[in-house]
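What follows is a short report on a single structure.
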Amino acid sequence: MQSFRDYHAHVYFNADEAADASALCTAMKDALGVAMGRVHSRPVGPHPRGSCQMTVPAARLSDAIEWLMLRRGKFTVFCHGNSGDDLRDHTAHVMWLGPSEALDLSQFGPDQSKM
């Protein structure tokens, strides 16, 4: 069975919500000791809106999911495992907190469409 080296939790937000999203991610970093990436106010990579990436060690996943479930408020969070297969990690190895959103998978190859 395949395992994941770690997980990403991407907090999605609209441009006018950037400060609130950044505060949520900073609080998660401080509470759980997980790594916080840059706050992108526009879509980047496959992500359809502004986002901030949190990197969660595999051993802390259940803590991180519970923390986000209780505190994410209005934000949608896209979570995926990191196995080294980027396409599968963004399509098959995923979970959503809140409504799912279409990802732009074109960066993973010419035959990929939006999901």
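Numbering starts at 1 and runs along the sequence shown. Model, not experiment: these values are computed from the prediction.
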Could you give me the CA-CA distance, side-chain angles and deciding distance for H47 and Y12, then say whether side chain to side chain donor-acceptor pair (under 3.5 Å) is met?
CA-CA 8 Å; H47 307 290; Y12 287 169; 2.7 Å; yes

The test is side chain to side chain donor-acceptor pair (under 3.5 Å); show your working for S83 and D85 and say whether it passes.
CA-CA 6 Å; S83 69; D85 182 338; 5.6 Å; no

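Using a 4.5 Å heavy-atom threshold, the side chains of M36 and M28 count as separate.
Among all heavy-atom pairs drawn from V77 and L68, the shortest one is CG1-CD1, 4.0 Å. What you find for C25 and V11 is that their closest heavy atoms are SG-CG2, 3.7 Å. Minimum heavy-atom separation, H80 to F78: CD2-CE2, 3.5 Å. Heavy-atom minimum distance, C52 versus V39: SG-CG2, 3.9 Å. Between A31 and W67, the shortest heavy-atom distance links the atoms CB-NE1, 3.5 Å. Nearest heavy-atom pair, E101 versus P48, reported as atom, atom and distance to 0.1 Å: OE1-CG, 3.4 Å.
C79 contributes atom SG, which lies 10.5 Å from atom OH of Y7 (distance to the nearest 0.5 angstrom). With rounding to the nearest 0.5 angstrom, the NE2 atom of H10 is 8.0 Å from the OG1 atom of T55. A distance of 10.5 Å separates CZ in R38 from OG in S51, rounded to the nearest 0.5 Å. To the nearest 0.5 Å, the span separating CZ on R71 from CD on E66 amounts to 8.0 Å. One finds the NE2 atom of H93 at 11.5 Å from the CG atom of D86 (value rounded to the nearest 0.5 Å).
In this structure, M69 places its CE atom where only 12 or fewer heavy-atom neighbours from other residues, nucleotides or ligands lie under 6.0 Å away.
Side chain of R60 to main chain of L32: a donor-acceptor pair is present (N/O by atom type, distance under 3.5 Å, no hydrogens or angles). The backbone N or O of S106 sits less than 3.5 Å from a side-chain atom of D104, completing a donor-acceptor pair. Judged by distance alone, the side chain of T91 and the main-chain N or O of L87 form a donor-acceptor pair under 3.5 Å.
Under a hydrophobic clustering in which Ile, Leu, Val, Met, Phe, Trp and Tyr are joined whenever their side-chain heavy atoms come within less than 4.5 Å, directly or via other members, L105 and W96 fall into the same cluster. Taken together through direct or relayed side-chain contacts under 4.5 Å among Ile, Leu, Val, Met, Phe, Trp and Tyr, F75 and V44 form parts of separate hydrophobic clusters.
A salt bridge links D20 with K74: at least one charged nitrogen is closer than 4.0 Å to a carboxylate oxygen.
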